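The structure presented is a predicted model; accordingly, all values stated were derived computationally and were not measured.
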Amino acid sequence: MTFQAPKGTFDWMPPRSELALSVREQMSAPLRLAGYRYVETPAFEDTALFARGVGESTDIVSKEMYTFEDKGGRSITLRPEGTAAVVRAVLQHGLHHGPLPVKVWYSGSFYRYERAQKGRYRHFSQVGAEALGVEDPALDAEMIQLAAEAFASLGLTGVELLLNSLGCAACRPAYRSALQDFLRGLDLDDATRARVEINPLRVLDDKRPEVRAQLAEAPLVSDHLCEACKGYHEEVRSLLRTAGVAFTDDPRLVRGLDYYTRTTFEYVYEGIGAQTAVGGGGRYDGLSEMIGGPPLPGVGWALGVDRTVLALETEGLVEANTPRAGVEVYAVPLGDEARRVLFDLVLELRGAGVSADLAFGGKGVKGAMKGADRSGAAYALILGERDIAAGAAQVKHLASGEQTAVPLAEIVTMFKEKLVK
RNA sequence: GUGGGUGUAGCUCAGUUGGCAGAGCGCCAGGUUGUGGUCCUGGAUGUCGUGGGUUCAAGUCCCAUCACUCACCCCA
């Protein structure tokens, strides 16, 4: 073993890789049904995009970014999250001048320089969705429902939805300073004291018991919302209730990124290590302006593919969500002439929509049959000198061991009828 | 960045008081020269993470180091 995957990363290998791919598909299926369009942006961006979009005060920007200088002297950063890049792309291509809301989704890899542990890696995968240009509680509710639907379609029952509102430019500042006043009176370590000054909301998220204990009397955002925010949030909650989306109000739910306003939510799951969030998102009405764009409200989420796979594993849902892999027909040639005939026949079968493979490598019959067995194929298609002379191949049903001779000219139609729906 | 745990065959792991490097599974071959699975027989595979130290002798004890892993901080 000379090389291994870089520290903090891992490979998706079969069959887990196929489960992960299927998870991505099932996460995006509800989005496509709701009119969201697929977008793809580069894996890296101008560092300033994240510094301004995600927020200088966040840990992501201050210590978790993969930043480097390219040969042209530009500062480049591997994307630590998706929203800032998607908003950048929407603005760059003027999609916000078209019909609103702009609804897009993405699926890809993200990078954060952190110490790895279960459910947290330096390279990770998310499926995300963003809806831009409209401030409508129904859009927030749709967004939240779509992710809930995605988790439900995977069969997960342990996903809990937490909901909160962080207020807006009108009411947040007052709350922020009220919270700071409270926090400054607590007994906290230096790093946390610094956080109180730059990003006090995140202190509410601290999981250390000695900090938690002091937060019991902390002022809550929900008590400081302006009338507009209160009404907006009530409407989101009411729409969710009507839609049958179960949620729990969590007035302490804040998120790690600076750009969130109003609706904030997180999908949490117990039992995938110390991490609990399998997805999260919210409204970010100020983001566009932070990165130099026009006022453009937005709401979105990102779901963690890796963590969702872990959740599926803890709920025993792996098999149910792993698509059948492998081929249906496995061709076993006996001799060079048979190999040539079967090579063509296998291509014909694939052309007709029947998955087929051939025993490569000139193994003996025994080895080739073993290959047929291990491939998981339903049928072995055996051809030797005697069969060529007779103009028929042996078709063996591997589960039952039943074997019949089928004329070569009828092989493709026979399998097509049997296997193609 | 900080702390705990673990490194032995492809995989999962045993290895006693320091005394010849092991098992199961997998892999390969044969039993069966045109037939897989089950069964039987045989076979191959090791820098015991790495480097140093103690010792007649180290997988085992000591030191260092690296990797993996879990957790803290933080996050999807």
For Arg386(A), answer base if it contacts any base atom (sugar-phosphate contacts may also be present), sugar-phosphate if it contacts only those atoms, and nothing otherwise; contact means non-hydrogen atoms under 4.0 Å.
base

What's the OH-C1' distance between Tyr379(A) and U35(B), to the nearest Å?
17 Å

Could you tell me whether Arg184(A) and Glu197(A) make a salt bridge, using a distance below 4.0 angstrom between a side-chain N and a carboxylate O?
yes

Could you tell me how far G51(B) sits from A58(B) if I compare only their P atoms? Round to whole Å.
14 Å

Have a look at Ala380(A) and say if it touches a base, only the backbone sugar-phosphate, or nothing, with a 4.0 Å heavy-atom cut-off.
nothing

Could you measure between the two C1' atoms, the one in G26(B) and the one in G10(B), and give it in whole Å?
7 Å

Could you check if a side-chain atom of Tyr330(A) sits within less than 4.5 angstrom of a side-chain atom of Tyr379(A), using non-hydrogen atoms only?
no

In this structure, how many angstroms lie between the P atom of G34(B) and the CG atom of Leu381(A), rounded?
18 Å

Under a 3.5 Å cutoff on both atom distances, Watson-Crick or G-U, what's the dot-bracket for RNA chain B ([ ] crossing, | other strand)?
(((((((..((((.....[..)))).(((((.......))))).....(((((..]....))))))))))))....

Could you check which residues of residues 276-288 of chain A get a heavy atom under 4.0 Å from RNA chain B? Sort them by number, please.
Ala277(A), Val278(A), Gly279(A)

Can you check the Leu334(A) CG to U35(B) P distance for me, whole Å?
9 Å

Look at Gln117(A) and C72(B) and indicate whether a side-chain polar atom (N or O) is within less than 4.0 Å of OP1 or OP2.
yes

Hey, is the side chain of Lys7(A) poking within less than 4.0 Å of OP1 or OP2 on C68(B), counting only N and O atoms?
yes

Examine the base of U35(B) for any acceptor or donor lying under 3.5 Å from a partner atom in the side chain of Gln394(A), and report the outcome as yes or no.
no

Value in whole Å for how far the C1' atom of G37(B) lies from CD1 of Ile382(A):
14 Å

For Glu270(A), does the CD atom have more than 12 heavy-atom neighbours from other residues, nucleotides or ligands under 6.0 Å away?
no

Determine the interatomic distance between P on U65(B) and the same-named atom on U2(B); round to the nearest Å.
12 Å

Could you please name the option among G34(B), C72(B), G31(B) that lies closest to any side-chain atom of Lys366(A)?
G31(B)

Establish, with yes or no, whether the OP1 or OP2 oxygen of G26(B) is under 4.0 angstrom from a side-chain nitrogen or oxygen of Arg374(A).
no

So what does Tyr121(A) touch, heavy atoms closer than 4.0 Å: a base, only the sugar-phosphate, or nothing?
base

Lys370(A) side chain: which of A76(B), U35(B), G37(B) is closest?
G37(B)

May I ask you to say what Gly401(A) touches in the nucleic acid, namely base, sugar-phosphate or nothing, with a heavy-atom cut-off under 4.0 Å?
base

Would you kindly give the OH-to-C1' distance between Tyr113(A) and G1(B), to the nearest whole Å?
10 Å

Interface polar pairs with nucleotides 2-5 of chain B, N/O, under 3.5 angstrom:
unit_1 : atom_1 : unit_2    : atom_2 : d
U2(B)  : O4     : Arg115(A) : NH1    : 3.1
U2(B)  : O4     : Arg115(A) : NH2    : 3.3

Electrostatic pair Glu328(A)-Lys418(A), nearest N-O below 4.0 angstrom:
no

Salt bridge Arg324(A)-Glu319(A), side-chain N to carboxylate O under 4.0 Å:
no

Nearest to the Arg202(A) side chain among C28(B), A71(B), C74(B), which nucleotide is it?
C74(B)

Checking side-chain polar atoms at under 3.5 Å, does Tyr111(A) have a donor or acceptor matched by the opposite partner on Glu64(A)?
no

Student check: side-chain heavy atoms of Thr308(A) and Phe151(A) closer than 4.5 Å
yes

Which is more 5' along RNA chain B, the nucleotide nearest Pro6(A) or the one nearest Ala274(A)? Just name the residue.
Pro6(A)

Nearest-Å distance for atom pair CD/P, residues Glu114(A) and C70(B)
14 Å

Nearest 0.5 Å, what's the OG1-CG distance between Thr157(A) and Leu317(A)?
7.5 Å

Considering only heavy atoms and no angle criterion, is a donor-acceptor pair shorter than 3.5 Å present between the side chain of Asp373(A) and the base of G37(B)?
no

Does Glu266(A) reach a base, just sugar-phosphate, or nothing at all? Heavy atoms under 4.0 Å.
nothing

What contact category does Lys396(A) fall into here, base, sugar-phosphate, or nothing, at under 4.0 angstrom with non-hydrogen atoms?
base

Gap between atoms CE and C1', on Met143(A) and A76(B) respectively (whole Å)
16 Å

Nearest atoms (heavy-atom pairs only) where Phe124(A) meets Pro80(A)
CZ-O, 3.7 Å

With a 4.0 Å cut-off on heavy atoms, is Leu303(A) in touch with a base, just the backbone sugar-phosphate, or nothing at all?
nothing

Going by ring centres under 5.5 Å and near-parallel planes (under 30°), is Phe124(A) stacked on A76(B)?
yes

How long is the gap from CH2 on Trp105(A) to CH2 on Trp301(A), to the nearest 0.5 Å?
9.5 Å

Judged by each residue's nearest nucleotide on RNA chain B, which is more toward the 5′ side, Ala5(A) or Ser125(A)?
Ala5(A)

How is Gly273(A) classified with respect to the nucleic acid when contacts are heavy atoms under 4.0 Å: base, sugar-phosphate, or nothing?
sugar-phosphate

If I pick the C1' atom on U54(B) and the same atom on G18(B), what distance separates them, to the nearest angstrom?
11 Å

Taking NZ, NE, NH1 and NH2 as the nitrogens, is one of them in Arg252(A) or Asp250(A) under 4.0 Å from a carboxylate oxygen of the other?
no

Are more than 12 heavy atoms from other residues, nucleotides or ligands located less than 6.0 Å from atom CZ of Phe68(A)?
yes

Flag for Thr77(A)-Thr67(A): side-chain donor and acceptor within less than 3.5 Å
yes

Please give the distance between the P atoms of G22(B) and U45(B) as a whole number of Å.
13 Å

Taking the P atom of each, how far is A44(B) from G7(B), in whole Å?
28 Å

Under-4.0 Å salt bridge between Asp140(A) and Arg262(A):
no

Mind calculating the distance between CD1 (Ile272(A)) and C1' (C70(B)) to the nearest angstrom?
15 Å

With rounding to whole Å, what would you report as the distance between C40(B) and G24(B) at their P atoms?
12 Å

Counting only side-chain heavy atoms from C-beta out, which of A71(B), U35(B), G37(B) sits nearest to Met369(A)?
U35(B)

Considering only the C1' atoms, how many Å lie between C27(B) and C61(B), rounded to the nearest integer?
37 Å

Salt-bridge test for Glu114(A) and Arg122(A): reply yes if a basic N is under 4.0 Å from a carboxylate O, no otherwise.
no

Describe the nucleic acid contact of Glu81(A) in one word from base, sugar-phosphate, nothing, applying a heavy-atom distance below 4.0 Å.
nothing

